[in-house]
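Quick notes on the structure that follows.
In the text below, chain A, chain B and the rest are named by the order of the sequence lines, each starting its count at 1.
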There are 2 protein chains.
Amino acid sequence: MTQQLEATRRTPLNRERVLRAAVELADDVGFESLSMRRLAEELGVVPMALYKHVANKEELLDGMVASLIGEIDPPVTHTDWKSTVRLRVLSARRALQRHPWARQAIESRTTKTAAVLDYMESFAGMFLAGGFSADLTHHVMHAIGGRMWGFTQELFDDQSGPTAESPAEVPPEAQAAMMQQMAERYPNIVAIATGTAHDGSSVVGHGCDDQFEFEFALDLLLDGFERLHEQGWSSRQAKLDRR
Amino acid sequence: MTQQLEATRRTPLNRERVLRAAVELADDVGFESLSMRRLAEELGVVPMALYKHVANKEELLDGMVASLIGEIDPPVTHTDWKSTVRLRVLSARRALQRHPWARQAIESRTTKTAAVLDYMESFAGMFLAGGFSADLTHHVMHAIGGRMWGFTQELFDDQSGPTAESPAEVPPEAQAAMMQQMAERYPNIVAIATGTAHDGSSVVGHGCDDQFEFEFALDLLLDGFERLHEQGWSSRQAKLDRR
DNA sequence: TTGACAAGTGTACCGCGTACACCTACCGTT
DNA sequence: AACGGTAGGTGTACGCGGTACACTTGTCAA
């Protein structure tokens, strides 16, 4: 009968499996619903068992981020820095979109793990290899910020107005009235929202092309970097120019 | 004796006072340590009493953000859009720096309150008033993202390496050895970190000029916006150009 | 056979947000 | 003067979260 139990028993856990399960679970239920207890349950194990493989939840999250970094393509070679950076960022973005929890996870991390440092190291390398000064590279990395991970501060993703309660319970034509009110109180927002509804559909929350928005900002920055690089920008000079 | 009790009793709470106390508490103890229970304690009241003035913690945070927005200067008038936007953003940044919890609070909010919508409305207005098309304004607002609140994704603020444990317990000259290791594993990071230590001090975590980094990226974006605006950029054209 | 060690368990603690029933002082009305 | 509603504050309790600590159990080397 111990035999049976042994047969039933899964192959023992290990850090790898815990991390994989955590990623899967977060993919399914979202970042905020990922708990040690829930993860343990998913693995058919008691919560405290996890602590034999990760020190605490922080470390679990660090591990998840590391695994995410593993999904980002290495930089391509034999092109200019701009394409290299661009492709890498877009690869990061793809990884991020496969794992909706990743943005929150990255933002929640404070201490940099080796995996993160490695990624940043390699990222800086793309600029330096492109002939950027260490100085410019430094500031450029700051400027690109979260976009180096493939995300933007999304301040728009919700199409909900201030009075968004019921998800599908909106009276069909009452929407027009609300739209009316919106247009009065928020003319500019309505303008920029509908101004881009090229297909004529004038719903407020028509949702915009995230990918386009992302690339718009990314290219704006890359073009700016290029210009500074070409004109031999240095922070010392910039600071002198300021006065 | 009931007299005495009445005399002792504070003036009754109200939403205002709750919000003010919450802001103060968060200023002191940080975003993650702000709890309903702690706030209640601070107000000399039982936790559930707060729920007579705010519906739940979400609403409390919304209120805090609203109060923060109240600290941002209104847009200046009679200048070009660029200065107007720039000054406003820098004002937002100042507000944010007075309240270290604000970044996390803003990022944590999903539904937009009236206060937030008002701010965004007015923000969009600065571009539109400057002659920007609704189209360009839309994308520009996306691009500026969190910077419109005065913050950047800070991916650097920690100067800690991967082995940062004890805060002050670092053997004095062992730091040099660690530096050595750093330089081997992370040559690029070390280069861009020390490359900007203009004063010759080569400490890794010398900390950089946050304000400068912020303005660097902000101006890069504003210059980019200006260029696009001048050349009559439209998203339709941009999409056509892409192919 | 032993005994060390790694993996998993069970119990427990504290902090969190908040539902719900209750109390109590104050108010305008009758 | 008596009354009932109401706003503000209370007390108790629940479920969930992370995780400390002491324990069993299964495995393998000596």
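The backbone N or O of Leu221(B) sits nowhere less than 3.5 Å from a side-chain atom of Arg147(B) that would complete a donor-acceptor pair. The backbone N or O of Trp149(A) lies less than 3.5 Å from no partner atom in the side chain of Tyr119(A), so there is not a single donor-acceptor pair.
Taking atom CD of residue Glu41(B) and atom P of nucleotide dG9(D), one finds them 17 Å apart after rounding to whole Å. Rounded to an integer number of Å, the gap from Leu50(B) CG to dT10(D) P is 10 Å. Protein atom CG of Leu39(A) is 13 Å distant from nucleotide atom C1' of dG18(D), rounded to whole Å. At whole-Å resolution of the value, CZ in Arg15(A) and C1' in dA7(C) are 16 Å apart.
The side-chain hydrogen bond (donor to acceptor under 3.5 Å, both in side chains) analysis of residues 44-64 of chain B, with sequence neighbours excluded, yields the pairs Arg15(B)-Glu59(B), Glu58(B)-Arg109(B), Asp62(B)-Arg109(B). For the salt bridge (charged side-chain N to carboxylate O under 4.0 Å, His left out) condition, the pairs that include at least one residue of residues 20-41 of chain B, sequence neighbours left out, are Glu16(B)-Arg20(B).
Two residues are said to be in side-chain contact when any heavy atoms from C-beta on lie closer than 4.5 Å; Asn188(A) and Phe123(B) fail this criterion. Here the side chains of Asp118(B) and Ile69(B) are not in contact, with every heavy-atom distance at 4.5 Å or above. Looking at heavy atoms from C-beta onward, Met120(A) lies out of side-chain contact with Tyr186(B) at the 4.5 angstrom threshold. Counting heavy atoms from C-beta on, the side chains of Phe151(A) and Ile106(A) come closer than 4.5 Å. Side-chain contact check for Gln211(A) versus Arg93(A): some heavy-atom pair is nearer than 4.5 Å.
Rounding to the nearest 0.5 angstrom, the gap separating the CG atom in Leu61(B) from the CG atom in Leu68(B) is 12.0 Å. From Leu13(A), atom CG reaches atom CG of Leu43(A) across 5.0 Å, with rounding to the nearest 0.5 Å.
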Which atoms of nucleotides 4-6 of chain D (N or O only) lie under 3.5 Å from a protein N or O atom, and what are those distances?
none

Could you go through nucleotides 10-15 of chain C and list every protein N or O atom that sits under 3.5 Å from one of its N or O atoms, giving the distance for each pair?
none

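Comparing Arg38(B) and Val45(A) along DNA chain C, the residue whose closest nucleotide (by nearest heavy atom) sits nearer the 5' end is Val45(A).
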Take Glu71(A) and Arg94(A), measure what salt bridge (charged side-chain N to carboxylate O under 4.0 Å, His left out) needs, and give me the verdict at the end. CA-CA 9 Å; Glu71(A) 291 188 23; Arg94(A) 264 174 270 124; over 6 Å; no
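Of the residues in residues 51-61 of chain B, those lying under 4.0 Å from DNA chain C by heavy-atom distance are Tyr51(B), Asn56(B), Lys57(B). Listed by residue number, there are no residues of residues 20-31 of chain A with a heavy-atom contact under 4.0 Å to DNA chain C.
Between His139(B) and Phe212(A), the two ring planes are perpendicular [angle over 60°; tilted spans 30° to 60°].
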